[in-house]
Amino acid sequence: MSFNNNTTFAERIYSEKQNVCAIILAAGEGKRMKSNKPKAMMEVLFKPMLGWVIDAVRNAGVNDICVVTGHLEEMIKDYLSKNYTGEKSCSTVTQTERRGTGHAVMMAKDFLEAHKDGSVLILNGDAPFMDSKNIANSYFFHSAQRNCVTVISAMLEDASGYGRIIRDADGRLLSIVEHKEATLDQLAVKEVNSGAYWFNVNALLSVLDTEHIKCSSVTGEYYLPDTVKLLGDAADAYTADSSSVVMGANDPVQLNELNHIARIGILGGMIADGVSIPCSDGVIIGPDAVVGSGTVVLPGTILRGRVSVGNNCTLGPNSLIENSIIHDNVIINSSQIKQSEILEGTDIGPFSQVRPNCKIGPKVHIGDFVEVKNSVLDEGTKVAHLTYVGDSDIGKRVNFGCGCVTVNYDGQHKARCKVGDNAFIGCNTNLVAPVQIGDGAYTAAGSTITGDVPSDSLGIARARQVNKDGWAATKRGK
Amino acid sequence: MSFNNNTTFAERIYSEKQNVCAIILAAGEGKRMKSNKPKAMMEVLFKPMLGWVIDAVRNAGVNDICVVTGHLEEMIKDYLSKNYTGEKSCSTVTQTERRGTGHAVMMAKDFLEAHKDGSVLILNGDAPFMDSKNIANSYFFHSAQRNCVTVISAMLEDASGYGRIIRDADGRLLSIVEHKEATLDQLAVKEVNSGAYWFNVNALLSVLDTEHIKCSSVTGEYYLPDTVKLLGDAADAYTADSSSVVMGANDPVQLNELNHIARIGILGGMIADGVSIPCSDGVIIGPDAVVGSGTVVLPGTILRGRVSVGNNCTLGPNSLIENSIIHDNVIINSSQIKQSEILEGTDIGPFSQVRPNCKIGPKVHIGDFVEVKNSVLDEGTKVAHLTYVGDSDIGKRVNFGCGCVTVNYDGQHKARCKVGDNAFIGCNTNLVAPVQIGDGAYTAAGSTITGDVPSDSLGIARARQVNKDGWAATKRGK
Amino acid sequence: MSFNNNTTFAERIYSEKQNVCAIILAAGEGKRMKSNKPKAMMEVLFKPMLGWVIDAVRNAGVNDICVVTGHLEEMIKDYLSKNYTGEKSCSTVTQTERRGTGHAVMMAKDFLEAHKDGSVLILNGDAPFMDSKNIANSYFFHSAQRNCVTVISAMLEDASGYGRIIRDADGRLLSIVEHKEATLDQLAVKEVNSGAYWFNVNALLSVLDTEHIKCSSVTGEYYLPDTVKLLGDAADAYTADSSSVVMGANDPVQLNELNHIARIGILGGMIADGVSIPCSDGVIIGPDAVVGSGTVVLPGTILRGRVSVGNNCTLGPNSLIENSIIHDNVIINSSQIKQSEILEGTDIGPFSQVRPNCKIGPKVHIGDFVEVKNSVLDEGTKVAHLTYVGDSDIGKRVNFGCGCVTVNYDGQHKARCKVGDNAFIGCNTNLVAPVQIGDGAYTAAGSTITGDVPSDSLGIARARQVNKDGWAATKRGK
């Protein structure tokens, strides 16, 4: 079991050769979550559980995915449209009434028809730790055995509440018995249903209707596990190698526990791989981050979304990095980086912010209280303190003094600044965009520069100093 | 047992109908604490233990409180005068010598005389987890049974060191036996004295003197538990529903443990109520904070003092919020907020500070490296970076450029700035107070504005730019 | 066992009277560490394990130290030359091939010859928790018994993998048996070899060659423990009072565990000594830090290197202090301090940085977004916000407005600014170094000051304000 999506698994279905697809059940409401989100959108390490499931399915080599939505489905569709586009896009169908897992799959009948003669993986959108390896291996098992249905199961020390996997003397799946309906002998069984199944699509379609799957007289719902009995002899169970594949959350406390398990799992893996985390307090590394060996991660550091960090970096304390690429030997001290690329040997911080769409480095120095946004800072440039560089293209070996501002907005439009190699921008300079500072040019401290400064020239815009003798003494006298 | 003072208890004494009062014993020194504070002033989650006790007493509906002070009493009186004023004020009496709990209560004889025919709760100022519910329920028990004294007791797994509650065959209180004086049978008793008691005031007064309560020949002290024997048949014990009511601290390690227990207790309650805390490392939420469901609290975030946070906010990482009101949908990223109100939909940070007496929002944007102090920022205003707004009244939809300063102090006096709706303050502008910028007015980047700028006008105060060709090349040549 | 190097031990060898020296084995590679450092350079709480060992040896009173280097020895030599200079310097010898501990000591034969008739401590450079007390006490034992060799041993609950200490009926050391070669009876022994030994130098030299110490036919290595047999009756073992003296790390996970143990050990000691750490998450206090009682350390605070903190300070949340001296009653809120001295009653932060070589205080106020570097700020001076003070000498009771910059670099040279007592630097002032502001002088807001301002005078350098009526309305009209 790995909590990190970037791990390469030996096992992977080569879907171009196989007719495989997946249906993810994500219509649930999760009333006990005290949240205004669909349950599958609740987050584990800042990533919706649905995202964990989709990525596990895709990483296993299953690319054709249909999500069954229901409660607040617009939120799910919005998430899918932003995060799974192009080749990665998922189709959706709507389950307008909540009438059980069997009913949910019926909504995807057209999707199934389109995959006739293939295999379909059906799984829950709110069990985030079902991983690629178990998905792929259960498919190989399902496929080799030519089963009509293969339940993915797991061994639990405390199976209480879960449906039990009942096997016959030969070890083949006999039935799935719900906890409430289990006999004492059955309750002793520790193998449980994960809620994920591989079906032969044709076999599933042959029983996927309200005549075969009966409506529960108690709840009025149609249950997918009922298909196991209907598909009789050709059913079996594949035991996953980790109990975490069955984990879900029914309330905020359980969701918190999932966060804890995932967080510890990822950090433990990183430490073993040579990432130095001398104290992991407040460190959160999401499932879509990779960190190179020799890199030190200090307390309070958060890597969120798709983050790639090279070797021998120092991150933190208290740095927040989102969806960014950090090359080797970079230092990010108590700073925040979003949607940007930081090149080799650059150091940033403490207390600076790189906002989206920047490319900074190599060997750039950004000190304290600096904001950079939508800009390029080329090799060897220094922005030491109290400066804002926005919408700008900055050359190599430029030196920004303290308190500089790129005035990129006039109240109506945004424009860009361009600063050439080896330029020197004096302290408290305003560069009023659009403006160009030539290679090797200077600006005088305290100048508001509204026109271009040619290469190797000085731009100056300030008043001459006058001293008023005794002024302060008089003022104090008042 | 709840660690959060804001919880509404079903049980509460309606004191306007009841003659109830309380004496809190807070004269202790706590030598082993290695501190220069009275013991009851030692803090649990940034709040003196005495404050925990006073609030529990008041929340139970007991409003008339006398605090017995002694060691460094000025520190306690100062705390009370700042935090418990008006209707909430407490009276104090001084115990000049440390001569035991019985002696301490004798100091409050006048207070008791003033509550004749009523009931008095006597409890320790350094047992912070005695809560309103147990105070109220023990009163109902005390009152229904018409006891002369009701000891509040608790069940402990390890009762070692505590006075044991000895009951007769009918379950009535027989006596309280100190640990040192207990027989083997008595040592096996797990019910202990919490050190809190309800007395019938008249009964207490009848025995509250050095003739009835004997001086210990060993320590020279007078013990309040001795009154239990003196009040004979009309004594009983009420068992609290949590062992934490007896908890106190005799040294820094135990105090640390109280902090841990309170912190975990509060966080656990918040998570169960739908506050999302994906990793609670470094998160400290004090007993006087409320947080709405759907709000996310990231690592390192501290809520200190009276803090109210709405729904669906994001706090942190590493935000510090003190005595403030945060409305719904607010984001506070790595910033500090003190004694202020942040209205709906406002976002702040990273790395900004809101100092006391601000009202900001709704939908205001404050970016990085911004300080706001004693100011109002109205709806939709933006202060994106490196700016100080102090002693100012800022209208709606104002845009501050980067590096702006309200010059609110001339070395002798402070004055205010006023900026009208839709104004645009250019980058690196100084607004020298007192000054007014009219509705829709602009200031040019780099201007020091010393006079008012009329509505829809431009205020400009800067020198024209001159370029000195080749200056930089010459300079480098030197 | 103490994890803090500053603890004063009762036991200490007075080396001026004794002929004692030490050889530290630090040639190891630590392949499994996934690191590009020699194993002894791997860090525990930001300090190389070798540094822990050297300091423990020196604190025990052993000043003459030879380090045996090998793998990447330049890194070790570089570390020694920067951190152990003058009286503290260590000599080194190189072991070019990795041929066992016996072979490593042979490399130091010249060092041993120079200490004839004395005693030598031989220990591993990667067992960081061997402490001064056990080193000194084992020496006293070794010396009193006139042993030829004294092994320092420890009792372990789980001795698996360690060499066992086999004693005779009188309790004298018989032999050290490696785990792999131990009988069942020997495996049951819980006393193990720490890998540290005291030798009589002459005795050691008499057997320190490849004729006495045999090459292992399995590994081709020469083992130091073989000397125990060779030195026969005059060998014994001294049992350390803590099992942690044997602890080392063979992989990143074990190194992480050492960090955890050291961190918890130091924090626990601090809490017991009256440092208030209400929540220790993210708090890392290194082995070379001292903190006075009454000081509060908030979450996320890191003290790194040689740090001395006085009484009744408040550090954090999230402050980082490196190699600095902090006097009493100082507040450092979410700020970073490096190689500087902060005098009594000064408060800094949130979000400020003091870079190396500053002396600040007493009673200085530094607010938010302030950087100070290589400067002196004298008593009562205030630098409230968004200001950079670099390479400057600032007097008493100076007030810096917001946005001030000391312009200390002209692109080619650095120069200093000097500001006299009671001066008032207006907001957004640039002080272009070299420049002097006299006592009690003012600078006007928005001025770039390039020449000295005499005492009690005003320096002003700015354009007059002009208002262009209706300009903004026209602009918007466009």
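On a predicted model such as this, the values are computed, not experimentally measured, just so you know. Numbers restart at 1 for each chain; the letters A, B, ... are given by sequence-line order, proteins then strands.
With hydrogens and angles disregarded, a donor-acceptor distance shorter than 3.5 Å links the side chain of Asn256(A) to the backbone of Ile277(B). No donor-acceptor pair under 3.5 Å is formed between the side chain of Asn399(B) and the backbone N or O of Asp410(A). Looking at Arg476(B), its side chain never comes within 3.5 Å of a backbone N or O of Asp456(A) through a donor-acceptor pair. Here the side chain of Gln465(B) pairs no donor or acceptor atom with the backbone of Ile449(A) at under 3.5 angstrom. Judged by distance alone, with hydrogens and angles left aside, the side-chain atoms of Lys34(A) form no donor-acceptor pair with the main-chain N or O of Ile271(B) at under 3.5 Å. In terms of modelled atom types and a separation under 3.5 Å, the side chain of Ser457(A) and the main chain of Trp471(B) share no donor-acceptor contact.
Salt-bridge formation is not detected for the pair Arg355(A)/Asp368(B): no Lys NZ or Arg NE/NH1/NH2 atom is positioned less than 4.0 Å from an Asp or Glu carboxylate oxygen. Using a cut-off of 4.0 Å between Lys/Arg side-chain N and Asp/Glu carboxylate O, Asp281(B) and Arg263(A) are scored as salt-bridged.
If you tally non-hydrogen atom pairs under 4.5 Å between each of Ser352(A), Ser447(A), Ser35(A), Gly390(A) and chain B, the highest count goes to Ser352(A). For the options Ser293(B), Ala445(B), Gly282(B), Gly294(B), heavy-atom pairs under 4.5 Å to chain A are most numerous at Ala445(B). Most heavy-atom pairs under 4.5 Å with chain A: of the set Ala272(B), Gly401(B), Gly268(B), Gly411(B), this distinction falls to Ala272(B). With chain B as partner, the option from Asn430(A), Asp251(A), Asn36(A) having the largest number of non-hydrogen pairs under 4.5 angstrom is Asn430(A). The greatest number of non-hydrogen atom pairs below 4.5 Å with chain B, out of Cys404(A), Gly440(A), Gly403(A), is found for Gly440(A). Contact count against chain B (heavy-atom pairs under 4.5 Å) is highest for Val407(A) among Thr429(A), Val407(A), Asn408(A). The choice from Gly426(B), Ser276(B), Gly470(B), Gly300(B) that makes the most heavy-atom pairs within less than 4.5 Å of chain A is Gly470(B).
Minimum interatomic distance between Phe46(A) and Pro278(B) (heavy atoms only, all atoms of both residues): CE2-CG, 4.2 Å. What you find for Thr448(A) and Gly446(B) is that their closest heavy atoms are OG1-CA, 3.5 Å. In this structure, Pro454(A) and Asn467(B) approach most closely via the heavy-atom pair CD-ND2, 3.5 Å. Minimum heavy-atom separation, Ile284(A) to Pro299(B): CD1-CG, 3.7 Å. Ser335(A) and Phe351(B) make their closest contact through CA-CZ, 4.1 Å (heavy atoms, listed as atom of the first residue, atom of the second, distance). The minimum heavy-atom distance linking Ala463(A) with Ala463(B) is given by the pair N-CB, 3.8 Å.
No more than 12 heavy atoms of other residues, nucleotides or ligands lie within 6.0 Å of NZ in Lys468(A), so this atom counts as exposed by the packing criterion. Within a 6.0 Å radius of NZ in Lys31(A), other residues, nucleotides and ligands contribute 12 heavy atoms or fewer.
Here Ser280(B) contributes atom OG and His260(A) contributes atom NE2; the two are 9.0 Å apart, rounded to the nearest 0.5 Å. Atoms CZ and NZ, on Phe424(A) and Lys475(B) in that order, are 7.5 Å from each other to the nearest 0.5 Å. To the nearest 0.5 Å, atom CG of residue Leu267(A) and atom SG of residue Cys279(B) are 8.5 Å apart.
Proximity of Ile302(A) to Pro317(B): side-chain heavy atoms (C-beta onward) are separated by under 4.5 Å at one or more points. Side-chain contact between Asn333(B) and Gln353(A): absent, with no pair of heavy atoms (C-beta onward) separated by less than 4.5 Å. A heavy-atom distance below 4.5 Å is not found between the side chains of Leu386(B) and Val405(A).
Heavy atoms closer than 4.5 Å to chain B are found nowhere in Thr443(A), neither backbone nor side chain. Both the backbone and the side chain of Asn318(A) come within contact range of chain B, with heavy atoms under 4.5 Å apart. For Ala444(B), no part lies under 4.5 angstrom from a heavy atom of chain A. Using a 4.5 Å cut-off between heavy atoms, Arg464(B) contacts chain A through its backbone alone, with no side-chain atom that close.
Between Phe369(A) and Phe369(B), the ring planes are perpendicular. Angles over 60° get that label, and only those under 30° would be called parallel.
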Where do Gln336(A) and Ser334(B) land on the side-chain hydrogen bond (donor to acceptor under 3.5 Å, both in side chains) test, with the steps shown first? CA-CA 10 Å; Gln336(A) 302 198 352; Ser334(B) 300; 3.0 Å; yes
If you apply the rule side-chain contact (heavy atoms from CB on, under 4.5 Å), what do you find for Thr450(A) with Arg462(B), and how did you get there? CA-CA 11 Å; Thr450(A) 53; Arg462(B) 70 185 184 209; 3.5 Å; yes
